[in-house]
A.B. asks: 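The following block contains the structure, expressed as structure tokens.
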Amino acid sequence: MTLNTAQQQAVSHADGPLLILAGAGAGKTRVIVERIAALIRGGVAPQKILAVTFTNKAAKEMHERIDTRLRSEQALSPFEVPAARPFIGTFHALCLHIIKSFHRTLGLPKRFTIYDRSDSLRAVRDAIKDSGFDPKQLEPRRVLSAISREKGNDVTLEAYSARAQSFGEQAIAEVWERYTATLKKEHALDFDDILCTALRLLRTSPEVLTHFRHAWSHFHVDEYQDTNRVQYELITLLAAGTRNIAVVGDVDQNIYSWRGASIEHILRFEEEYPDTAVVTLTENYRSTKTILAAANQAIEKNIRRREKVLVTKNADGEHIHLGGFADEHGEARFIASEAARKIRAGESPDAIAVLYRANFQSRVLEEAFLRADVPYQVLGTRFFERAEVKDALAYLKAALNPASLADLTRAIQTPSRGIGKVSLAKLAAGGIDALSGMQREKAAAFYRILDRIRAAAERDLPSAVIKLVIESSGLSTLYESGDHEDAERLENLRELVSVAQKYDDRGPDGIDLLIEEAVLQSEQDELSVSEQLKRRGVKLMTIHAAKGLEFDTVFIAGLEEGLFPHERDGEEGDSEEERRLFYVALTRARARAYLTYAITRRIFGSVTASVPSEFIMEIDPALTDVVGTDERGDRLETIHI
């Protein structure tokens with residue numbers, strides 16, 4: 001497929017700031033890949049090029065496509081890896097690279113610990129208790145979210161403490177201080193610290209900033225509309241040397257303000273760089289004309305956006321299918337039966353998705369899919385979040401960083417070694433010398449296991465190290481003679497060995513790269529290929545998790561006022577973000593879209609009456625038809641709009 005005129009403009013722009021406004025399905029990844037290839041053909045060394053995005057999945061796809069281009073351009077075989085390659089990764093991967101390159105400057109060991117979400121929740125919960133607060137009143141998740149939001153907005157603990165006035169703010173400041181002390185004690189950084197620490201290093205060390213400004217000359221940022229303040233400051237600082245910065249994004253797909261993403265960064269890009277070249281990609285290669293017409297009608301009502309209308313050379317396609325039902329059970333039955341009908345007609349289950357605004361909606365949908373005997377997969381629990389996988393990695397991380405109390409505590413308790421809470425507290429406070437008798441012998445045996453793992457990590461391939469962890473820890477023995485669930489846990493541990501094999505050719509850094517992959521997974525970073533093949537089925541997920549994905553058939557469930565658009569706290573811009581979320585959901589569909597709603601829905605134990613979402617009401621009736629059949633093929637009661 002040749003590049004269209006707008007894509008060619010973006011690819012051929014070599015130097016200076018570039019803003020690429022890329023509509024949904026407009027081929028933005030291809031443009032980035034072709035642009036990088038063009039820079040290399042023009043004489044820019046591959047290693048001087050940086051490209052950052054938001055998910056490991058997107059970074060991996062970009063890496064593979066650029067490697068393929070480099071092989072062809074350098075006349076390499078399909079099995080040869082180019083000697084020099086661009087740096088392509090997520091913001092977190094970029095910041096880890098910066099931190100690890102100068103970890104001594106920061107006073108961090110080379111193998112510091114990275115807290116995942118559950119580690120942070122545990123530490124915040126402990127900090128709340130140590131501060132004398134009740135975790136039932138000062139909810140740990142809310143406190144962690146508040147801390148994360150402030151860090152993402154480039155606010156330090158000192159600045160937050162100085163401005164804290166209410167009791168709640170002062171309580172959060174005290175908990176934050178204790179949480180920070182825990183991280184420091186364990187030589188650990190959490191997700192937000194990875195970004196903040198890298199930015200602080202660049203700001204405070206002219207030597208480090210100069211090093212990385214010389215390292216890269218051309219910068220690319222994908223999904224620029226999703227950057228928070230720290231990410232924005234970081235890339236602005238790095239690119240200030242050459243000003244060769246190309247950002248790609250879509251104002252209409254900004255749906256992460258609750259994570260700190262600021263739409264202002266892309267809206268103000270031309271103010272920051274007055275000599276910016278602007279290219280707008282509006283040709284959609286994914287969806288039908290009908291789907292795009294409905295999406296354009298929905299998003300044009302937003303005010304805070306750049307004007308653009310998606311167009312396509314694809315066929316008109318099917319009407320937008322509307323279904324209204326008496327309650328959520330009728331809605332779920334219809335979706336499951338319609339998915340079953342599509343599958344019987346030859347459509348792959350993996351090409352079908354059910355999207356919803358809130359996680360609680362998945363329960364009734366799952367029940368309907370089970371009754372209809374339709375294979376499905378709920379996207380949410382990721383491979384590296386599974387307890388047995390986290391247990392195995394805890395042994396590895398505790399071996400490499402003995403100061404990591406979180407990993408030490410997790411590992412020593414699974415399998416159980418008869419070391420109680422009192423002994424654990426003594427061990428944490430004073431080491432093995434604080435114990436006596438049988439407890440000391442048990443702890444010593446545990447530390448010998450960690451010593452074996454540490455030694456193996458220094459000399460063996462990552463896959464061999466993981467095999468040793470599974471065997472020497474006792475995890476394999478724990479699960480090998482259990483029930484079906486234990487058998488599945490053992491399979492997941494074996495799958496971890498397969499994941500580790502990807503890094504067997506990376507030398508001494510392989511084990512560190514495996515750990516980084518484990519802790520930096522996002523909602524869209526799914527299991528390894530072999531695991532996905534074992535769990536084929538219709539995909540059930542939130543709309544936020546579906547961003548960046550596409551399917552032949554998409555059901556958007558729960559389109560009711562108060563649910564979608566969701567009732568939020570009334571902050572400015574909330575209603576526009578809900579509309580952007582609907583736009584994202586609709587543009588996931590390649591061939592057909594179903595919009596469904598229920599007149600009554602049970603939420604938090606109470607039955608609530610609803611009216612259809614304004615998003616449905618605003619679609620031109622000429623683009624829609626009304627549907628609704630049950631699993632027997634009989635017509636269901638359908639509420640006409």
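Please read these numbers as outputs of a predicted model, since none were measured by experiment.
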A.B. asks: Shortest non-hydrogen contact from Glu318 to His321?
C.D. replies: OE1-NE2, 2.8 Å
A.B. asks: Who passes side-chain hydrogen bond (donor to acceptor under 3.5 Å, both in side chains) against Gln231, sequence neighbours left out?
C.D. replies: none
A.B. asks: Closest approach of Leu586 and Ile556, non-hydrogen atoms and distance?
C.D. replies: N-CD1, 3.8 Å
A.B. asks: When the ring centroid of Tyr256 is compared with that of Phe54, is the distance short of 6.0 Å?
C.D. replies: no
A.B. asks: What is the distance from atom CD1 of Ile114 to atom CG of Leu96, rounded to the nearest 0.5 Å?
C.D. replies: 4.5 Å
A.B. asks: My understanding is that only residues two or more places apart in sequence, or in another chain, count here; which of them pass salt bridge (charged side-chain N to carboxylate O under 4.0 Å, His left out) with Lys28?
C.D. replies: Asp222, Glu223
A.B. asks: Please report the C-alpha distance between Leu19 and Arg306 in whole Å, then the side-chain angles of each, then the deciding distance to 0.1 Å, and finally whether the side chain to side chain contact (heavy atoms under 4.5 Å, CB included) criterion is met.
C.D. replies: CA-CA 12 Å; Leu19 172 61; Arg306 291 287 297 263; 4.1 Å; yes
A.B. asks: How would you list, by chain and number, every residue that makes a side-chain hydrogen bond (donor to acceptor under 3.5 Å, both in side chains) with Asn296, sequence neighbours excluded?
C.D. replies: none
A.B. asks: I need the Leu493 CG to Ile470 CD1 distance, nearest 0.5 Å.
C.D. replies: 5.0 Å
A.B. asks: When you compare the side chain of Val311 with that of Leu292, does any pair of heavy atoms fall below 4.5 Å?
C.D. replies: no
A.B. asks: Could you pull out the closest heavy-atom pair between Ser257 and Glu577, with the gap in Å?
C.D. replies: OG-OE1, 2.6 Å
A.B. asks: Mark yes when over 12 heavy atoms from residues, nucleotides or ligands other than Lys467 sit less than 6.0 Å from its NZ; otherwise mark no.
C.D. replies: no
A.B. asks: Which heavy-atom pair separates Val31 from Ala10 by the least distance, and what is that distance?
C.D. replies: CG1-CB, 3.7 Å
A.B. asks: Can you find a pair of side-chain heavy atoms, one from Val251 and one from Arg304, that are under 4.5 Å apart?
C.D. replies: no
A.B. asks: Is the shortest heavy-atom distance from the side chain of Lys289 to the side chain of Asn314 under 4.5 Å?
C.D. replies: no
A.B. asks: Could you tell me whether the side chains of Tyr285 and Asn4 share a donor-acceptor contact shorter than 3.5 Å?
C.D. replies: yes
A.B. asks: Do side-chain atoms of Gln225 reach the backbone of Asp250 as a donor and acceptor pair under 3.5 angstrom?
C.D. replies: yes
A.B. asks: List the residues meeting side-chain hydrogen bond (donor to acceptor under 3.5 Å, both in side chains) with Ser463, not counting sequence neighbours, and say none if there are none.
C.D. replies: Asp504
A.B. asks: Is a side-chain donor or acceptor of Asp350 paired with a backbone partner of Gly537 at a separation under 3.5 angstrom?
C.D. replies: yes
A.B. asks: Taking atom CZ of Arg117 as the centre, does the number of heavy atoms from other residues, nucleotides or ligands within less than 6.0 Å exceed 12?
C.D. replies: yes
A.B. asks: Under a 4.5 Å cut-off applied to non-hydrogen side-chain atoms, are Leu310 and Thr312 in contact?
C.D. replies: no
A.B. asks: How are the rings of Phe564 and Phe582 set to each other: parallel, tilted or perpendicular (split at 30° and 60°)?
C.D. replies: perpendicular
A.B. asks: Would you call Arg305 and Glu576 a salt bridge, taking side-chain N to carboxylate O under 4.0 Å as the test?
C.D. replies: no
A.B. asks: Would you compute the distance between atom CD of Glu618 and atom OG of Ser613 and round it to the nearest 0.5 angstrom?
C.D. replies: 7.5 Å
A.B. asks: Residues two or more places apart in sequence or in another chain: which of them pass ring pair (Phe, Tyr, Trp, His ring centres under 6.0 Å) with His220?
C.D. replies: none
A.B. asks: With a 4.5 Å limit on heavy-atom distance, are the side chains of Phe334 and Val627 in contact?
C.D. replies: yes
A.B. asks: Which heavy atom in Val374 sits nearest to a heavy atom in Ala336, and how many Å separate them?
C.D. replies: CG2-O, 3.7 Å
A.B. asks: Is the Tyr594 ring parallel, tilted or perpendicular to the Phe555 ring (thresholds 30°, 60°)?
C.D. replies: parallel
A.B. asks: Does Asp505, at its CG atom, have more than 12 non-hydrogen atoms belonging to other residues, nucleotides or ligands within less than 6.0 Å?
C.D. replies: yes
A.B. asks: Donor-acceptor check, side chain of Tyr597 to backbone of Glu561, threshold 3.5 angstrom: yes or no?
C.D. replies: no
A.B. asks: According to ring pair (Phe, Tyr, Trp, His ring centres under 6.0 Å), who are the partners of His63, at least two apart in sequence or on a separate chain?
C.D. replies: none
A.B. asks: Does some side-chain heavy atom of Asp116 sit less than 4.5 Å from a side-chain heavy atom of Lys390?
C.D. replies: yes
A.B. asks: Please list, chain by chain and in numerical order, all residues satisfying salt bridge (charged side-chain N to carboxylate O under 4.0 Å, His left out) with Asp552, sequence neighbours excluded.
C.D. replies: Arg590
A.B. asks: If only atom types and distance count, is the side chain of Thr624 paired as donor or acceptor with the main-chain N or O of His319 below 3.5 Å?
C.D. replies: no
A.B. asks: Can you check side chain to side chain contact (heavy atoms under 4.5 Å, CB included) on Ile352 and Ile343, steps first, answer last?
C.D. replies: CA-CA 9 Å; Ile352 303 172; Ile343 294 169; 3.9 Å; yes
A.B. asks: Glu614 versus Arg579: any side-chain heavy-atom pair under 4.5 Å?
C.D. replies: yes
A.B. asks: Which distance, rounded to the nearest 0.5 Å, do you find between the CG of Asn359 and the NE2 of His544?
C.D. replies: 10.5 Å
A.B. asks: Who pairs with Tyr503 by ring pair (Phe, Tyr, Trp, His ring centres under 6.0 Å), at least two apart in sequence or on another chain?
C.D. replies: none
A.B. asks: For Arg286, give me all partners under salt bridge (charged side-chain N to carboxylate O under 4.0 Å, His left out), at least two apart in sequence or on another chain.
C.D. replies: Glu550
A.B. asks: Checking Arg357 side chain against Leu563 main chain: does a donor-acceptor pair fall under 3.5 Å?
C.D. replies: no
A.B. asks: Kindly determine whether Val354 and Phe369 satisfy side chain to side chain contact (heavy atoms under 4.5 Å, CB included), including the steps that lead there.
C.D. replies: CA-CA 11 Å; Val354 184; Phe369 273 82; 4.0 Å; yes
A.B. asks: Going by the rule salt bridge (charged side-chain N to carboxylate O under 4.0 Å, His left out), which residues pair with Arg65 if we only count those two or more places apart in sequence or in a different chain?
C.D. replies: Glu61
A.B. asks: What's the verdict on side chain to side chain contact (heavy atoms under 4.5 Å, CB included) for Gln7 and Glu34, showing C-alpha distance, side-chain angles and the deciding distance?
C.D. replies: CA-CA 9 Å; Gln7 291 173 331; Glu34 293 296 334; over 6 Å; no
A.B. asks: Please round to the nearest 0.5 Å and tell me the distance separating atom CD of Glu388 and atom CG of Asn492.
C.D. replies: 4.5 Å
A.B. asks: May I ask you to decide whether Arg363 forms a salt bridge with Glu366, counting only side-chain N to carboxylate O separations under 4.0 Å?
C.D. replies: no
A.B. asks: Quick check: closest heavy atoms across Val554 and Ala585, and the distance to 0.1 Å?
C.D. replies: CG1-O, 4.0 Å
A.B. asks: For Tyr356, which residues count as a ring pair (Phe, Tyr, Trp, His ring centres under 6.0 Å) partner, sequence neighbours excluded?
C.D. replies: none
A.B. asks: Supply the atom-to-atom distance Ser575 OG to Ile303 CD1, rounded to the nearest 0.5 angstrom.
C.D. replies: 8.5 Å
A.B. asks: Are the side chains of Val499 and Phe384 in touch, meaning some heavy atoms are under 4.5 Å apart?
C.D. replies: yes
A.B. asks: Mind checking side-chain hydrogen bond (donor to acceptor under 3.5 Å, both in side chains) for Glu347 and listing every partner two or more places apart, or none if nothing turns up?
C.D. replies: Thr553, Arg592
